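What you see is a predicted model; the values in this text were computed from it and never measured. Quick note on labels: first sequence line is chain A, next is B, and so on, each numbered from 1.
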There are 2 protein chains.
Amino acid sequence: MPDSEYRDIRKLDLFAQMADDNFTSLMRGAYVQNFPAQIELITEGEPSDFLHIVISGSVDLFSTWNGRETSMATVRPISTFILAATIKDAPYLMSARTLEKSRIALIPSQDVRAIFDADSNFARAIVTELAQCYRSVIKAQKDLKLRTSLERLANYLLRQQRHAGGGAAFELDFEKRRLASVLGMTPENLSRAFKGLQPYGVSVTGTRITIDSQADLERFARPNPLIDDFST
Amino acid sequence: MPDSEYRDIRKLDLFAQMADDNFTSLMRGAYVQNFPAQIELITEGEPSDFLHIVISGSVDLFSTWNGRETSMATVRPISTFILAATIKDAPYLMSARTLEKSRIALIPSQDVRAIFDADSNFARAIVTELAQCYRSVIKAQKDLKLRTSLERLANYLLRQQRHAGGGAAFELDFEKRRLASVLGMTPENLSRAFKGLQPYGVSVTGTRITIDSQADLERFARPNPLIDDFST
DNA sequence: CAAATCAATTGATATATGTCAACCCGTCGG
DNA sequence: CCGACGGGTTGACATATATCAATTGATTTG
């Protein structure tokens, strides 16, 4: 692993405070691999052998049941995924596939659990991380249960806009079909939902979104920090 | 606080392994109160001043947005709620109200965070608890996104049946209107969904459910441990 | 006991969302 | 250049779900 990557991983909240030799020992057991696009990294139901870290590229977390499939989240650099399964030594609840060419570090779950037992700074960081993840999923669930698909899209656009810097125009960072799945709708419906937001000043050209009338869209979307603010 | 309650709380996974004096010190700062039914214990958006423990009775966790409301979960004795907000010192994402006369212990969040920093056994227990909570919400989200309301009801009945001991007949432990909200549908639709399960051998009298043909219902519901098994 | 509630149910209807088929329009490879 | 392919869009239609209004039945309350 190149030194720059090593340092980038070290800087993650999860690893920043742990003892040097514990971090070194975690990294010694780690693999780093480059994967092409559309590779299934893990499959739900399998034992959680590795904690994964996305170093570059992006990874889709998805689940299936009875022939249906839904996107649960997208992981972008630099962050970990499947932490809860690793800690609990329980089967993965989600599958993961690369969306593009991606570089992934794999840390044996056994090592993570061992260091977790030995390093209380690491344990504390894991708590914070898990609490954050938990709250994110609760927000996602509120989004799903309390809003219509049009409202979910409107609020997604506002979040994405803020994430992109706040300007009136910005790019979607998803393929539309995956965005549809993340938002819990079909691609056809997403298409119609974009049209349904035109009266509120939203225009779409490919993956480029323009919000002509911020106030109108916000009046319709009614964004709420307890659902839409990822930082708290 | 009576000794029996003190010991029951001590036995919770969350507190079982921590040092004696740390537990004692946590409990010294705790309040225990009896609340009547339908009291709002906490309101979403407020700072998380206390970790709550349900000693008896039951508590509904719910959220609201734009005039709508949805039940997120029900907490039954003996367990804690609002752990993630306490740990992160962040606002509550859900409100809580008593469903019936309930006895609740309140531990100042500040104390929980202080002991969390001092007692690594406690910190580890929190990690396990949070990982468990996280995985439960992921399962709930898969349930919501991958299944129709009829399928959610069918699988809920199978879970509840198992929870009640596995016999063909058992009681719902919810008011139907709350069950509807938990399952993400309207009470009217729940009524119709029960009728929709009759062909699979489900009959309902008040809160009593009878499953005449286990195999038929399971063939329809297709329960899956990665969604329906709460223990993993 | 009678009136008042309230949860549950039912039917009629409206709305939201999914499905299917067709088409458009870029991109890629022969 | 052409054709195949895949994502995206559109329209027609089917299904799922919500809403509204009315009724029932059980429970509470004066």
[X] has an atom [atom1]; how far is it from atom [atom2] of [N], in whole Å?
{"X": "B:R177", "N": "C:dT9", "atom1": "CZ", "atom2": "C1'", "result": "12 Å"}
{"X": "B:R208", "N": "C:dA8", "atom1": "CZ", "atom2": "C1'", "result": "19 Å"}
{"X": "B:F194", "N": "C:dA7", "atom1": "CZ", "atom2": "C1'", "result": "13 Å"}
{"X": "A:K176", "N": "D:dT9", "atom1": "NZ", "atom2": "C1'", "result": "9 Å"}

- Task: Look at the side chain of A:E175 and decide which nucleotide, out of D:dG7, C:dA8, D:dG11, has an atom nearest to it.
- Result: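 So the nucleotide nearest the side chain must be D:dG7.
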- Task: Would you indicate which nucleotide in C:dT10, C:dG18, D:dT9 comes nearest to any side-chain atom of A:R192?
- Result: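 Nucleotide nearest to A:R192's side chain: C:dG18.
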- Item | B:R147 charged N/C atom sitting above A:W65 aromatic ring, 6.0 Å / 45° |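 Yes; both conditions hold, so B:R147 lies above the ring face of A:W65.
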- Tell me whether the guanidinium CZ or amine NZ of B:R97 lies under 6.0 angstrom from the six-membered ring centre of B:F62 and within 45° of its axis.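 Checked: cation-pi criterion met.
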- Query: Which of residues 62-75 of chain B sit near DNA chain D, with a heavy atom under 4.0 Å from it?
  - Reply: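 Result for residues 62-75 of chain B: none.
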- Message: For B:Y134 and A:Y134: C-alpha separation, side-chain torsions, deciding distance, then whether ring-ring contact (aromatic ring centres under 6.0 Å, His included) applies.
- Response: CA-CA 5 Å; B:Y134 172 77; A:Y134 171 76; 7.8 Å; no
- D:dG7 base to A:R178 side chain: any donor-acceptor pair below 3.5 Å?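 Checked by distance alone, the answer is no.
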Donor-acceptor check, side chain of [X] to backbone of [Y], threshold 3.5 angstrom: yes or no?
{"X": "A:S71", "Y": "A:S181", "value": "no"}
{"X": "A:S102", "Y": "A:S58", "value": "yes"}
{"X": "A:K142", "Y": "B:L93", "value": "yes"}

- Query: When we call it a touch if two heavy atoms are under 4.0 Å apart, what does B:E188 touch: a base, just sugar-phosphate, or nothing?
  - Reply: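 If one applies the 4.0 Å heavy-atom cut-off, B:E188 turns out to touch a base.
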- Query: For the atom pair CZ (B:F174) and CG (B:L179), what is the distance rounded to the nearest 0.5 Å?
  - Reply: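 Going from the CZ atom of B:F174 to the CG atom of B:L179 covers 6.5 Å.
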- Report yes if some heavy atom in the side chain of B:S213 is under 4.5 Å from a heavy atom in the side chain of B:Y200; otherwise report no.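 Heavy-atom side-chain distance check fails, nothing below 4.5 Å.
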Just the table, please: protein N/O against nucleotides 14-17 of chain D N/O, every pair under 3.5 Å.
{"from": "D:dT17", "atom 1": "OP1", "to": "B:S149", "atom 2": "N", "distance (Å)": "3.3"}
{"from": "D:dT17", "atom 1": "OP2", "to": "B:S149", "atom 2": "OG", "distance (Å)": "2.8"}

- Electrostatic pair A:R76:A:D173 at N-O distance under 4.0 angstrom: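 Looking at A:R76 and A:D173, the cut-off is met.
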- Phosphate contact (D:dT9 OP1 or OP2) by A:K195 side-chain N/O below 4.0 Å: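 False: A:K195 side-chain N/O out of range (4.0 Å or more) of D:dT9 OP1/OP2.
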